[in-house]
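One structure is given here, and the rest of the page talks about it.
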Amino acid sequence: METFKETTAYERASKRVKDLKEFYGNLTSFCIVIPFLAFLNLMTAPGYLWFLWPMFGWGIGIVFHAVNVFGIGKNWEEKKIRELMAEEKGKTKTL
């Protein structure tokens with residue numbers, strides 16, 4: 001029988017995998033759509049590079065998505081709490 005701790009760890013890992021999958025899906029779409037838009041732009045109106053606008057907008061979204069998934073987001077808070085708790089636990093053992 002699974003313990004509460006194992007279930008919670010599984011749920012967190014499952015959410016992390018889902019977040020990663022969504023990020024990589026977003027990045028893959030960006031890498032497919034933006035070159036297509038660039039090609040379309042250069043074939044129809046090479047004098048004005050309008051494809052740069054969606055590229056920059058979507059790129060900013062990808063950066064924020066990456067920060068949320070890999071960097072400073074809810075996961076960061078949880079990791080920091082665990083780190084501080086481990087630090088405290090280490091200090092109490094040495095005293």
Side-chain angles (χ1 to χ4, degrees):
M1 190 168 188
E2 288 186 55
T3 65
F4 175 74
K5 193 173 185 179
E6 289 171 342
T7 304
T8 305
Y10 176 81
E11 288 171 357
R12 274 186 283 165
S14 179
K15 183 185 179 324
R16 176 84 173 137
V17 168
K18 181 181 176 236
D19 291 344
L20 286 168
K21 186 177 176 182
E22 288 173 355
F23 171 74
Y24 287 125
N26 190 6
L27 185 61
T28 300
S29 297
F30 178 84
C31 291
I32 292 169
V33 172
I34 295 301
F36 173 74
L37 290 178
F39 174 77
L40 185 66
N41 180 191
L42 295 173
M43 289 290 113
T44 59
Y48 178 64
L49 301 178
W50 55 261
F51 81 93
L52 294 174
W53 295 109
M55 183 179 76
F56 288 136
W58 198 348
I60 290 169
I62 287 178
V63 168
F64 282 115
H65 198 170
V67 166
N68 190 34
V69 172
F70 297 109
I72 303 172
K74 293 177 185 174
N75 293 335
W76 176 84
E77 292 174 10
E78 190 172 321
K79 287 177 188 175
K80 194 64 178 173
I81 289 169
R82 281 194 213 133
E83 179 184 309
L84 293 171
M85 288 174 65
E87 219 173 82
E88 278 298 312
K89 193 175 183 180
K91 284 181 184 177
T92 57
K93 283 184 179 179
T94 58
L95 294 178

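What's counted below: heavy atoms across the whole structure, side chains too, no hydrogens, waters or symmetry copies.
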Linking I/L/V/M/F/W/Y whenever any side-chain heavy atoms sit under 4.5 Å apart, do Phe30 and Phe39 land together? no
One thing to verify: whether Glu22 and Lys18 come together as a salt bridge, which I'm taking to mean a side-chain N less than 4.0 angstrom from a carboxylate O. yes
Nearest-0.5 Å distance, CG of residue Leu27 to CD1 of residue Ile32: 10.0 Å
Would you give the length of the straight line joining atom CZ of Phe56 to atom CG of Leu52, rounded to the nearest 0.5 angstrom? 5.0 Å
Any sub-3.5 Å donor-acceptor pair from Ser14's side-chain atoms to Tyr10's backbone N or O? no
Tightest non-hydrogen contact, residues Pro54 and Leu37, listed as CG-CD1, 4.0 Å
Nearest-0.5 Å distance, CD1 of residue Ile62 to SG of residue Cys31: 7.0 Å
Between His65 and Asp19, is a side chain to side chain contact (heavy atoms under 4.5 Å, CB included) present by the stated rule, with each step listed? CA-CA 9 Å; His65 198 170; Asp19 291 344; over 6 Å; no
Would you compute the distance between atom CZ of Arg12 and atom NZ of Lys15 and round it to the nearest 0.5 angstrom? 12.0 Å
Quick one: name the residues clustered hydrophobically with Phe64, using the 4.5 Å side-chain heavy-atom rule over I, L, V, M, F, W, Y, and just say none if it's on its own. Ile60
Are Met43 and Met55 linked, directly or through other ILVMFWY residues, by side chains that come within less than 4.5 angstrom of each other? no
Per the side-chain hydrogen bond (donor to acceptor under 3.5 Å, both in side chains) rule, what does the pair list look like for residues 30-49, sequence neighbours excluded? Tyr48-Trp53
